[in-house]
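Here is the structure we will look at.
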Amino acid sequence: MASKVTFKITLTSDPKLPYRVLNVPESTPFVHVIRFACQEFKVPASTSAILTKEGVGVNPNQTAGEVFLKNGSELSLIPRDESAAVERAPLYPI
């Protein structure tokens with residue numbers, strides 16, 4: 001049986017600070033954890049980020065076990081503004 005890790009993910013954009021506790025296998029790609037958390041909070045995964053308690057961004061290209069060992073169990077979900085994700089036009093078009 002695979003070991004599991006538990007994350008408490010808080011939605012920081014909501015003043016009530018709702019949270020979800022997710023218990024996932026260590027080998028789960030962390031990007032899947034992020035997508036599931038976004039679905040639970042009904043925020044877009046494509047423009048959301050996960051931060052540690054210290055405010056440092058978490059690289060989603062790791063396993064859940066690696067994220068847990070490096071950052072602990074308490075994380076924050078930050079849904080960013082859709083317009084921030086849009087690629088900007090260059091100042092000097094070619």
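The shown structure was predicted, so the numbers you read here are calculated from the model rather than taken from an experiment.
Hydrophobic clustering of Ile, Leu, Val, Met, Phe, Trp and Tyr side chains at less than 4.5 Å, counting indirect connections, keeps Val5 apart from Val31. In the hydrophobic clustering of ILVMFWY residues, with side-chain heavy atoms under 4.5 Å counting as a link, Leu51 and Val67 come out apart. In the hydrophobic clustering of ILVMFWY residues, with side-chain heavy atoms under 4.5 Å counting as a link, Leu75 and Tyr19 come out apart. Grouping the Ile, Leu, Val, Met, Phe, Trp and Tyr side chains by contacts below 4.5 angstrom, directly or via other members, places Phe7 with Phe36.
Put simply, CD on Glu74 and CG on Asn71 are 12.0 Å apart, with the number rounded to the nearest 0.5 Å. With rounding to the nearest 0.5 Å, the separation of CZ in Arg20 from CG in Leu11 is 8.5 Å. Between the OG1 atom of Thr12 and the CD1 atom of Ile50 there is a distance of 9.0 Å, given to the nearest 0.5 Å. We find the OG-CZ distance between Ser48 and Arg35 to be 12.0 Å, quoted to the nearest 0.5 Å. Between the CZ atom of Arg80 and the OG atom of Ser13 there is a distance of 12.5 Å, given to the nearest 0.5 Å.
When side chains are defined from C-beta on, Lys8 does not count as touching Ser73, because their heavy atoms never get closer than 4.5 Å. In this structure the side chain of Leu22 reaches within 4.5 angstrom of the side chain of Val33, judged on heavy atoms. Contact of the Leu77 side chain with the Thr10 side chain is not registered, since no non-hydrogen atoms from C-beta on lie closer than 4.5 Å. Under the 4.5 Å side-chain criterion, counting only non-hydrogen atoms from C-beta, Phe30 is not in contact with Asn59. Residues Glu66 and Glu26 have side chains not in contact (no heavy-atom distance under 4.5 Å, counting atoms from C-beta outward).
The closest side-chain donor-acceptor pair between Thr6 and Asn23 falls under 3.5 angstrom.
Shortest non-hydrogen contact noted between Ile9 and Phe41 is O-CZ, 3.5 Å.
Here the side chain of Thr28 pairs no donor or acceptor atom with the backbone of Val24 at under 3.5 angstrom.
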